[in-house]
Trainee: 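Attaching a single structure in structure tokens format; questions to follow.
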Amino acid sequence: MSTMMELVEELWFLKRDIVSDDFDKALHRLSEEIPMTIHEYPTGSQAWTWKVPEKWTCHEAYLESMDGERLIDYTDHPLHVVSYSLPFEGEVTREELLGHLHVHPHIHNAIPFVFKYYQRDWGLCASQELRDSLIDEKYRVVIRTSFDPGILKVGEVIIPGKSDECFMLVAHLCHPAMVNDDLTGVVVGVDVARKIFEGPKPEYTYRLLILPETIGSVAYLSDHEDLIPKMVGGLFLEMLGNHAPLALQQSMQPESQVDKTLIAVLRGCDPKSYVGPYRTIICNDERQFNAPGVRVPMLSLSRVEKPESIESLYQPYPEYHSSCDIPAIVNQERLEAARDTVIEMLHAFEKNRYVVNKFKGEVFASGFGIWIDYKENPEGHRNLFQIMERCDGERTVADIAIELRITFQTVWDILSTIAKKDLVTYSSTPKSTTPRREQV
Ligand SMILES: [Zn+2]
């Protein structure tokens, strides 16, 4: 079994375009690490309002000066050619070339990642430094690409639980020769799934999807409409290895139990971590799950500095979508910290239930031996009584944690103490113990 970082090192430089031989190769390699079902969607098949694109292959591509000096070569780096570029061969003027030569907006020595899956054009990518050196009148361009009928693939790891209600984990495997976006989400997802497999049978069924961004999610969802009502929540994983705090983006249903539970768990993790509303940190496959007709509350976990403007939403970390997104910017320690956070979130979601009081009035704490002296432990005393007064069959563990702005674990520990005294019980549905009274 390979570590997360070993998988990153092995798979990162593959040309993982959305429907491509190298995408398949990477998915196949991951299926050796963990049992996986591979769903296949042929080119041209309809997925709701979308159509599965062709398989794209770049056989050869380069830019030459008129006296034959090779200036850009696809064999040096897969990012030199726009993903899904049309084929093109011929002599072009400098001006025409520059109209098809893409550079990175911020990093002068980086090759940018540019894709034109649906608005087709031919294009090359290079560093700003190389672009600045192009002073000749004419150049020769060769881009030998082909568009063939192919098969879009979605890998699904299923960990059966006691219930067929399922929790979705999603990460995308596409993006040629890049690491943090989103090979890191993939390997964290695989490691989370391996850990759940090792443990006792979970309450929920877990489904990890490894797919090409956007079209992969739409293809899977449109093919599994019967499963959508069973999806109780989800978490999209991406950009989890770089040096930035963990950021949890809420779903489109911020009042959902999944949102509340995951937020209350994150509070107890890295103190620099933070939470942001839907579409304020990252925009990715979670959109397909939150979308109309689906409406699965799917949050997103990533490592991103707090966005300061709408522009930073499109530049979540410095090396984003460039040839600088390499294994050196991520490490095993940060991947493991992210994995452990996800596992803690899922454990909490498994435990999250309505808390039903078996007592009335305020509990005679010293009589039950659970009194916490406020002089010795004022916070503990306050938490104990504030938690107990919220046990009413109308609130879950997560509801209480969110209301009191404390961690899920703190609430759980105190509830475990009073549950041992037979003061509370748990229910998967609300069971209010408040007497009904006529409205006046
Ligand atoms: Zn991306």
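Positions are given from 1 along the sequence. Both ligands and their constituent atoms are indexed starting at 1 by order of listing. All heavy atoms count here, side chains included; hydrogens, waters and symmetry mates do not.
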Trainee: Quick one: report the N, O or S atom of Asp181 that is nearest to the Zn ion (ligand 1).
Mentor: OD2
Trainee: Which N, O or S atom name in His321 marks its closest approach to the Zn ion (ligand 1)?
Mentor: NE2
Trainee: Report yes if the distance between the aromatic ring centroids of Phe23 and Trp56 is under 6.0 Å, otherwise no.
Mentor: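 For Phe23 and Trp56, the ring centres are not under 6.0 Å apart.
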Trainee: Would you please classify the geometry between the Phe88 ring and the Trp122 ring as parallel, tilted or perpendicular, with 30° and 60° separating the classes?
Mentor: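 Plane angle under 30°, so parallel.
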Trainee: Run through Ser302, Ser300, Pro277 and flag the one making a side chain to side chain contact (heavy atoms under 4.5 Å, CB included) with Gln249.
Mentor: Ser300
Trainee: Give a yes or no on this: more than 12 heavy atoms of other residues, nucleotides or ligands lie within 6.0 Å of atom CZ of Arg70.
Mentor: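 Yes, because the 6.0 Å sphere around CZ of Arg70 holds more than 12 heavy atoms from other groups.
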Trainee: Of the backbone and side-chain N, O or S atoms of His172, does one lie nearer to the Zn ion (ligand 1) than 2.8 Å?
Mentor: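 Given the 2.8 Å cut-off, His172 does not count as a ligand of the Zn ion (ligand 1).
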